[in-house]
Amino acid sequence: MDEMIPKLFGTSGIRGKLVSELTLELITDIGMAVATYIGGKGRKIVIGYDTRTSNKMVENAITAGILQCGCNVIRLGMVPTPLVGYAAMKLGADLGIMITASHNPSQYNGIKLWNSTGMAYTQDQERTIEKIVHEKSFSQASWEFIGKIEDNEGVVFDYINDLLDNVDIKGNLKVVVDCASGAGSYISPIVLRKAGCHVLTLNCQPDGFFPGRMPEPSQANLSELMKVVKATGADIGIAHDGDADRMVAIDDQGRMADFDKLLALVSSKIGGKVVTTVDASFCVDKCMEDVGGEVIRTKVGDVHVAEVIVESNASFGGEPSGTWLHPDFCMCPDGILSALKVIEIVEKYGPLSKLLDEIPSYPTIRDRIECENIQKTLIMEKVKEELPDYFDNVLDVNFIDGVRISMEDGSWVLIRPSGTESYIRITLEGKTMVTAKEIQNKSREFIEGIL
Ligand code: MG
């Protein structure tokens with residue numbers, strides 16, 4: 001497709017700062033573009049939004065564009081992202097739209113699109129939407145065919161019931177859940193309580209200013225949750241991002257669960273064929289090997305995971321970030337179902353701390369090379385262009401955060417400039433210490449050669 005068409009979509013939908021990047025005109029154009037794309041007149045679109053201050057404004061703007069092109073809108077209100085994917089599927093809609101900027105700060109918002117199967121739009125579909133927006137080739141309806149709006153308050157109950165049918169939880173665990181005042185705030189605690197857990201809540205009052213903590217479920221943002229888990233003697237802590245398609249866990253000792261190990265644990269209990277990204281640790285392969293399962297790797301990004309799950313008929317898939325897909329339920333990543341799955345495992349097999357400690361760690365090296373701040377850009381440009389050629393088994397190179405080179409055997413190296421100090425950082429994982437050292441030496445030599 002035409003390279004000149006400006007990109008609107010990033011790795012997870014459209015994101016931007018309100019007013020300066022995400023303008024009302026653009027939002028309305030996107031509404032017309034998606035309605036045009038799915039065939040216009042008479043098609044059905046479900047829309048939900050997270051807790052951001054701009055949620056209704058964006059919903060109204062995109063809805064105006066959709067109605068103009070003759071599609072009908074089913075409003076879900078303030079719901080987690082996975083409910084939009086589920087509702088698109090359940091209500092037989094032609095498209096699901098979630099208005100969210102996920103874990104970004106308050107001043108951002110965004111738009112994420114879902115197919116009628118509950119699967120995220122692929123890059124090809126997103127490029128087509130960008131083309132329609134760029135060319136303004138909208139198929140607008142005449143006055144007598146303007147779309148209609150209806151509200152749906154029932155599908156949430158189907159969602160909750162179906163979630164609970166998907167797991168076998170007796171309900172004897174004490175759980176602390178922290179929703180960051182985001183889209184999971186109402187539903188996640190309700191689901192956990194209905195599962196029978198003893199639930200304590202933290203930041204479960206919806207608030208687009210995210211007063212309790214920022215919506216990114218990072219170690220730094222979850223210190224309070226960790227303390228509460230420990231202080232209350234809870235079995236587990238659950239934290240969602242701003243739209244609850246992700247979750248991370250805190251173990252019974254108040255430690256944040258290692259992302260890779262948690263993914264490995266759940267993968268091995270589900271078994272069969274599991275899909276994960278190139279940046280996930282070997283511990284996933286090791287745990288799957290132990291249960292006679294198979295691991296398939298994809299590029300980073302939940303839609304890539306979803307595509308490969310469908311292609312390979314896998315039983316589960318996820319990224320180490322805590323974005324997990326449960327294909328038996330829906331093809332949309334679901335942080336609430338992921339939480340239920342972890343709770344089910346902890347209930348059956350014992351304390352989370354013990355389960356995670358049993359999972360092996362692989363040689364990881366964190367190295368750094370001193371450089372002037374002014375040299376960082378040049379170094380990173382050279383790394384991007386030339387370093388991949390220094391390795392002969394490269395599977396994938398991505399530039400999401402620095403330069404990450406993934407090898408065919410699963411080893412990987414990430415090169416990125418420190419944001420605060422005068423260093424270039426090298427982080428890597430090797431299958432053996434020898435491989436790890438080799439990757440470290442090659443990366444070091446290359447960067448030192450530029451200096
Ligand atoms: Mg998210």
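As the structure lists them, so they are numbered: ligands from 1, and atoms in each ligand from 1.
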[X]: which N/O/S atom is nearest the Mg ion (ligand 1)?
| X | answer |
| --- | --- |
| D243 | OD1 |
| D241 | OD2 |
| D245 | OD1 |

Ion pair check, D162 and K90, cut-off under 4.0 Å: yes
SB check K230 E224 (cutoff 4.0 Å): no
T323 near the Mg ion (ligand 1): N/O/S under 2.8 Å: no
Distance flag, aromatic centroids of Y121 and W114, threshold under 6.0 Å: no
Side chains of S102 and K112, donor plus acceptor under 3.5 Å: no
